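As structure tokens, the structure follows; a few thoughts come after it.
So that the names make sense, note that chain A is the first sequence line, chain B the second, and so on, each numbered from 1. Every value quoted in this text rests on a predicted model; they were computed, and no experiment measured them.
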2 protein chains.
Amino acid sequence: MFRLLKTLGLQCAMRLKRSLSSEPSDSTPASPGTGVRDERKQRTRKALLDAALTLLDGERSFSSLSLREVAKVAGVVPAAFYRHFTGMDELGMSLVDDSFRTLHEMMRVARSAPLPPANLIARSVETFLRYAQAHRLHFQFIAKERVSGSSSVRLAIRKELRLWTSELAADLVAFPKLKGFNGDDLRMMAGLVVNAMMSATELILDADLNDAAELGRIHQLAQKQLMLIFLGAAQWKSKPVQ
Amino acid sequence: MFRLLKTLGLQCAMRLKRSLSSEPSDSTPASPGTGVRDERKQRTRKALLDAALTLLDGERSFSSLSLREVAKVAGVVPAAFYRHFTGMDELGMSLVDDSFRTLHEMMRVARSAPLPPANLIARSVETFLRYAQAHRLHFQFIAKERVSGSSSVRLAIRKELRLWTSELAADLVAFPKLKGFNGDDLRMMAGLVVNAMMSATELILDADLNDAAELGRIHQLAQKQLMLIFLGAAQWKSKPVQ
DNA sequence: GTCGTTAGTGAACATGTGTGCACTATAAAC
DNA sequence: GTTTATAGTGCACACATGTTCACTAACGAC
């Protein structure tokens, strides 16, 4: 992790130095990190990340990808890989960052345009699964490497998922039915929701995208599971005295 | 899958042929598949399976294991591998079989000695997680390859998990509180339970085995999640008219 | 225009890989 | 005892892998 941060930090510092010296802070649109050179570098960096995600799509797991393979798909010679990452581990950490960036963006969009209370659960499930389908590679990466990746990648993903769970718990506090939940119990419930959604995501990602019936079944299953959870949550704390 | 069945079938047939011809169905204790030779073969077969499980314990994922590596840990030359499996895929399918055999055995034991209704959920969680810890390699294999394995292994695991979910649903029908559940909804609820338990299993398998506090936290989390699910289930079907 | 920096190249290396083949030793069948 | 079947060996091959190194070309700073 820290190696990734160091690299990114250095790159940012370099880019900052250049823009500071070349542009005396004037009024140019200042597209960040301008310059044909930087743009090209970022492009092949992205090509490497995309190549890994693409390779990961089918059967493969991240730990079975080879550096050469990724470089080849990215249209670059193996040695060029080292201009961007110190090795596959660091590329993996970048994928974690990117993947959770898209997940958090989804949450941001969802919060900025809140759904009407009617059918809230069903609509939320719909929105989430549709988004997961649209960004299948990122969600697939999270789902796979959450459990099977190298320990650095796996731990990073698990940390992000915990963070997401906490965010969700914070959102849940707004529901009037969930009074009387303490923080721990809220996270416990949020964990249940996250599990159900991740499980549904795995099913969606493995499903035939053209089989509308199967997709519908998965959506409905997830909706019912969430409803059951909320039904239980509305009763919580009345019986269990703890 | 069918290649595995074929191989096993052939081996069984061969062993059958031998025992039929060598033993005229007399009163010898007839330990099945007797003979020093068969016993030796089964021993190195098991050594190969154990080697794979052992290698899988830490960081590695099954698809990143090499045939030579497995053979070396098993204390056998690579070519000898082919006397037992046609390749790593077939060995993977055998691991699926073995892993779910231990899971089903746990269920069998649990059913034969039913728990008293008091604290039933808490005790069941305790039993399950303790069993998972005791058979960590098998449960780890299931947890990992459920989502990241080659498609044949992954599909086999998912099929077994569906089967397990159905079994659990059949068990749930005995609860008086769960009247009014149709079969689909029972499986939906059972899926929720399975998800929660698998998620807790993943946490347990990653946890430090000596950190009693952390283990306790995981146990309690899983217990609360199951309680919440059952709380919701008790209310099911009253509100949702479907 | 000149020159330094650097993203990307191509070749080389040592090592690991899956798989085939002739072989050996030994349990089992006769 | 003689013969047969076979689990395991040792060696070979062609190929894939991670990493290094000197090199080239072109962008950016001056």
For the side chain of [X] and the backbone of [Y], is there at least one donor-acceptor N/O pair under 3.5 Å apart?
X: R60(A); Y: S64(A); value: yes
X: R154(A); Y: G149(A); value: yes
X: E59(B); Y: S150(A); value: no
X: K41(B); Y: H84(B); value: no
X: R187(B); Y: A169(B); value: no
X: E145(A); Y: F62(A); value: yes

**Study point:** Contact under 4.0 Å: Y82(A) side-chain N or O vs dT20(D) OP1/OP2
**Key:**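 It does not, given that no N or O in the side chain of Y82(A) lies less than 4.0 Å from OP1 or OP2 of dT20(D).
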
Any T44(B) side-chain N or O less than 4.0 Å from OP1/OP2 of dA7(D):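 No, T44(B) has no side-chain N/O under 4.0 Å of OP1/OP2 on dA7(D).
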
(message) Testing the basics here: between F139(A) and L103(A), what is the closest heavy-atom pair and its distance to 0.1 Å?
(response)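 Taking every non-hydrogen atom into account, CE2-CD1, 4.1 Å.
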
Interatomic distance where [atom1] belongs to [X] and [atom2] belongs to [N] [whole Å]:
X: H84(B); N: dG18(C); atom1: NE2; atom2: C1'; answer: 17 Å
X: E90(B); N: dT19(C); atom1: CD; atom2: P; answer: 12 Å
X: F85(A); N: dG8(C); atom1: CZ; atom2: C1'; answer: 15 Å
X: K41(B); N: dA5(D); atom1: NZ; atom2: C1'; answer: 11 Å
X: L65(A); N: dA16(D); atom1: CG; atom2: P; answer: 16 Å
X: R43(B); N: dA27(C); atom1: CZ; atom2: C1'; answer: 14 Å

Looking just at side-chain N and O atoms, do S61(A) and S148(A) make a donor-acceptor pair shorter than 3.5 Å?
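Short answer, no.
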
- Message: Any base atoms under 4.0 Å from V76(A), or only sugar-phosphate, or nothing? Heavy atoms, all strands.
- Response: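 The answer is sugar-phosphate, as V76(A) gets under 4.0 Å only of primed atoms, P, OP1 or OP2.
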
5′-ward residue of the pair M88(B)/G75(A) relative to DNA chain C =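 Its nucleotide being nearer the 5' end, the pick is G75(A).
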
Charged N to carboxylate O below 4.0 Å: is that the case for E39(B) and R43(B)?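 Yes.
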
Got a list of protein N/O to nucleotides 14-17 of chain C N/O distances below 3.5 Å?
residue: dT17(C); atom: OP1; partner: S66(B); partner atom: OG; Å: 2.9

Return the polar atom pairs (N/O with N/O) between nucleotides 22-27 of chain D and the protein under 3.5 Å, or none.
residue: dC27(D); atom: O2; partner: R37(A); partner atom: NH1; Å: 2.6

